[in-house]
K.L.:
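One structure, as C-alpha cells, below. Some questions next.
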Amino acid sequence: MTGRTGGLISRLAGGSGLTEAEYAELTAGRDGEAASLLAEKADKVRRGIYGADVYVRGLIEISNYCKNDCLYCGIRRSNRSCDRYRLTPDEILECCGEGHALGFRTFVLQGGEDGHFTDDLLCGLIGEIKSRYPDCAVTLSLGERGRDSFKRLFDAGADRYLLRHETADAGHYRSLHPGEMSFENRIRSLYDLREIGYQVGCGFMVGSPGQTPETIAKDLKFIEEFKPDMCGIGPFIPHKDTLFRDHPHGTVELTTYLLSIIRLIHPPVLLPATTALATIDPRGREKGILAGASVVMPNLSPTSVRKKYALYDGKVCTGEESAECRDCLSRRMESIGFRIVTARGDVKRR
Ligand code: SAH
C-alpha cells in the first residue's frame, strides 16, 4: 500500500468524502494491505452502529416475467430459454407465513417487471401481509413502476424499495441496457421513492462488462451524495443465454473492498452480503460481513421456482428448504462472531 492510498483511507475513515478522481485512485491502487485496513475501519464503524447484529431479509422471488431486456440479466424478455413462472398471492402469503415462523421480520418481494402484478393486485397483497404480520417490514424490488405506482404501493403499506442504479455512468448504463431504458429515469425513480417516504436502496454489480475504476468512482460519488438507506452490491456473474456469457465474473476481492469503502462513505447504510457473492465463493457471505456488510437475504421462495429465477448461472441455495437456509446462515454468522437477529432491522439514521 502506498502512503497516498493510506492517506485516502484515513480521510474516508475520518468521515470525509473523496473526490471522484480519488475514489478512482483508491479503487485502481488497491492491494491486500489496503483491503485489510479498509475492512478493519469498516468493521469498527459498523459495530459502533449495529454491534454484532446481522439483519436478515426473506427474499421472495415473485415472478421471472420481465418486460425489460437488460443485457446482463438471465430473465431478460428476449431469453426464450427462460422457463417463466409467477407466484400467486396465496403462494406469496404462504412464504411469508413460513418466514415469520422462522423469525423473519422483513419480506422482500422481488421480480422482473411483470405487468401481471398491477397496483391493485400488489396493494391488496401488501395490505394482507401487513395485516397478518404487523411487526414486519415489506420491501419491494420490482423495477421502475413510475411515481404514481410507487406512491400507491407505499400508501398500501410498503416500507422499503430496492432499485439498484446499476452504474452511475450514463454511457456505461447505455452499454448495459437496451435503448428504451434510460439512466435518467432510473435515477429519477430513486429520488421519487425517497420523496414518497420509502427507505431506499440503490446499488450496482461489481465487474460488469465495461466497468472501470472511473465508473466505480461515479458509483461511490453517487452513494456519497444520495446517502441510500440500503445499498446492494454483488459480483456480476455471466448467464449462458446472454451476450455476456463469456465475460468473466466480478471478484470477491473487489466486491469486499467496495463494501468496506461504502460502509465508510455512509456509515448507517444497510449493506447486504449478497447471494451472488456466495455464488462465486463458498465463504462469500462471511467475507462480505467481515468487510463491513450487515445484512443477509436468504431465499424464501418455494424451492420449485428458485432455479427458474436465474439472473445469472450457478446461483446457490436453490435446493434447500427455507428453514435449512436460515439455520445454515445462522451457523455461518456465528462462526465469525456475528448473530442473526429477529427484528425489522430498519436503518439507524443518526
Ligand atoms: N427487476 C428488478 C429486480 C432486478 S433483479 C429491478 O429492476 O430492480 C436484482 C438485481 O440483480 C439487479 O438490479 C441486478 O443488479 C442484479 N443482476 C441481474 N443480472 C445479474 C447478473 N448477471 N449477475 C449479477 N447480478 C445480476
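Counting convention: from 1, in listed order, for ligands and their atoms alike.
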K.L.:
Measuring from atom 12 (C) of ligand 1, which candidate in Glu166, Arg245, Arg76, His247 has the nearest non-hydrogen atom?
P.N.:
Glu166

K.L.:
When you measure from atom 8 (O) of ligand 1 to each heavy atom in Gln110, His249, Glu61, Arg186, which option holds the nearest one?
P.N.:
Arg186

K.L.:
Write out the residue and atom name of the closest protein heavy atom to atom 5 (S) of ligand 1, then the distance separating them to 0.1 Å.
P.N.:
Leu311 CD1, 3.7 Å

K.L.:
Is it the case that the side chains of Thr215 and Asp169 hold a donor-acceptor pair, with the cut-off being a distance below 3.5 Å and no angle test?
P.N.:
no

K.L.:
Would you call Pro235 a ligand 1 contact, heavy-atom distance under 4.0 Å?
P.N.:
yes

K.L.:
Do Ser301 and Asn299 get their side chains close enough for a donor-acceptor pair, meaning under 3.5 Å?
P.N.:
yes

K.L.:
Would you mind checking which non-hydrogen protein atom is closest to atom 19 (N) of ligand 1, with the distance to 0.1 Å?
P.N.:
Tyr72 CD1, 3.3 Å

K.L.:
Considering the heavy atoms of Cys73, write down every atom of ligand 1 situated less than 4.0 Å from one of them.
P.N.:
19 (N)

K.L.:
Does Lys315 reach ligand 1, in the sense of a heavy atom lying below 4.0 Å from it?
P.N.:
no

K.L.:
Using non-hydrogen atoms of the residue, decide whether Gly250 is closer than 4.0 angstrom to ligand 1.
P.N.:
no

K.L.:
A cation-pi test, strictly: NZ or CZ of Arg194 under 6.0 Å from the centre of the six-membered ring of Phe226 and no more than 45 degrees from its axis. Yes or no?
P.N.:
yes

K.L.:
If we only count heavy atoms from C-beta on, is the Leu270 to Arg57 side-chain gap below 4.5 Å?
P.N.:
yes

K.L.:
Does at least one non-hydrogen atom of Met205 fall below 4.0 angstrom from an atom of ligand 1?
P.N.:
yes

K.L.:
What residue and heavy atom of the protein are closest to atom 23 (N) of ligand 1, and at what distance?
P.N.:
Ile237 N, 3.0 Å

K.L.:
Which ligand 1 atoms, with their elements, are less than 4.0 angstrom from a heavy-atom of Leu163?
P.N.:
8 (O)

K.L.:
Would you confirm whether any non-hydrogen atom of the protein falls under 4.0 Å from atom 21 (C) of ligand 1?
P.N.:
yes

K.L.:
If only side-chain N and O atoms count, and only distance matters, is there a donor-acceptor pair under 3.5 Å linking Ser189 with Arg147?
P.N.:
no

K.L.:
Side chains of Asn79 and Arg76: any donor to acceptor distance under 3.5 Å?
P.N.:
no

K.L.:
At what distance is the nearest protein heavy atom to atom 16 (C) of ligand 1, and which residue and atom is it?
P.N.:
Arg164 NH1, 3.7 Å

K.L.:
Can an N or O of Gly111 be found at a distance shorter than 3.5 Å from an N or O of ligand 1?
P.N.:
yes

K.L.:
Quick one about Tyr65 and Glu113 (side-chain donor to acceptor, distance below 3.5 Å, no hydrogens or angles considered), yes or no?
P.N.:
no

K.L.:
Are Arg164 and Ser141 linked by a side-chain donor-acceptor pair shorter than 3.5 Å?
P.N.:
no

K.L.:
Do NZ/NE/NH1/NH2 and the carboxylate oxygens of Arg160 and Asp346 come within less than 4.0 Å?
P.N.:
yes

